[in-house]
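Everything on this sheet refers to the single structure shown next.
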Amino acid sequence: MKTTKRLLMRFKTTADKVCSIAVDNPKDDIQETEIRAVMTLILSSNVFLPNGDELGALVDAKIVTTNTNEYELA
């Protein structure tokens with residue numbers, strides 16, 4: 001079984017749509033304050049323009065852990 005972790009950060013755009021940015025393999029002891037600081041930096045830097053719209057607000061963030069079982073069938 002393979003386990004993967006991903007930090008999923010969601011923002012609201014100026015067009016009132018939700019946009020997600022994912023980071024694979026976040027550190028195990030990441031704190032909410034660190035996530036908020038990074039998201040605020042992303043928001044203020046205006047680097048990401050999904051569909052030409054600016055990011056306008058923080059929505060939420062979560063760590064998603066996925067367990068994958070692979071089977072060789074051929």
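Scope of the values below: all heavy atoms of this structure, side chains included, with no hydrogens, waters or symmetry mates.
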Requested in this report: Starting at CD1 of Ile21, measure out to CZ of Phe11 and round the result to the nearest 0.5 Å.
Outcome: 4.5 Å
Query raised in the report: For Asp29 and Glu34, which heavy atoms make the closest approach, and how far apart are they?
Result: O-OE1, 4.0 Å
Query raised in the report: Hey, what do you get for OG1 (Thr13) to CD (Glu54), rounding to the nearest 0.5 Å?
Result: 10.0 Å
Query raised in the report: For Glu70, what residues pass the salt bridge (charged side-chain N to carboxylate O under 4.0 Å, His left out) criterion, not counting sequence neighbours?
Result: none
Query raised in the report: What pair of heavy atoms forms the shortest contact from Arg10 to Ser20, and how long is it?
Result: CG-OG, 3.4 Å
Requested in this report: Return yes when atom CG of Asn51 has more than 12 non-hydrogen atoms of other residues, nucleotides or ligands closer than 6.0 Å, and no otherwise.
Outcome: no
**Report entry** Gap separating the CE atom of Met9 from the CD1 atom of Ile35, nearest 0.5 angstrom
**Finding:** 8.5 Å
Report task. Tell me, please, which residues at least two apart from Lys2 pass salt bridge (charged side-chain N to carboxylate O under 4.0 Å, His left out). Result -> none
Query raised in the report: When rounded to the nearest 0.5 angstrom, what distance separates CG in Asn46 from CG in Leu55?
Result: 7.5 Å
Query raised in the report: Hey, quick one: are Leu43 and Val18 part of the same hydrophobic cluster, counting side-chain heavy atoms closer than 4.5 Å, chains of contacts allowed?
Result: no
Query raised in the report: Hey, what do you get for CG (Asn67) to OG1 (Thr4), rounding to the nearest 0.5 Å?
Result: 8.0 Å
Query raised in the report: How close do Asp60 and Met39 get, heavy atom to heavy atom, and via which atoms?
Result: O-CE, 3.6 Å
Requested in this report: May I ask whether Leu58 and Val47 are part of the same hydrophobic cluster, defined by side-chain heavy atoms of I, L, V, M, F, W, Y residues being less than 4.5 angstrom apart, directly or through others?
Outcome: yes
**Report entry** Same cluster (ILVMFWY, side-chain, under 4.5 Å), Val59 and Leu7
**Finding:** no
Query raised in the report: Would Lys27 and Ile30 satisfy side chain to side chain contact (heavy atoms under 4.5 Å, CB included), going step by step from the backbone distance to the final call?
Result: CA-CA 6 Å; Lys27 66 181 188 174; Ile30 193 165; 3.9 Å; yes
**Report entry** For the student: nearest non-hydrogen atoms of Pro26 and Lys5, plus distance
**Finding:** CD-O, 3.7 Å
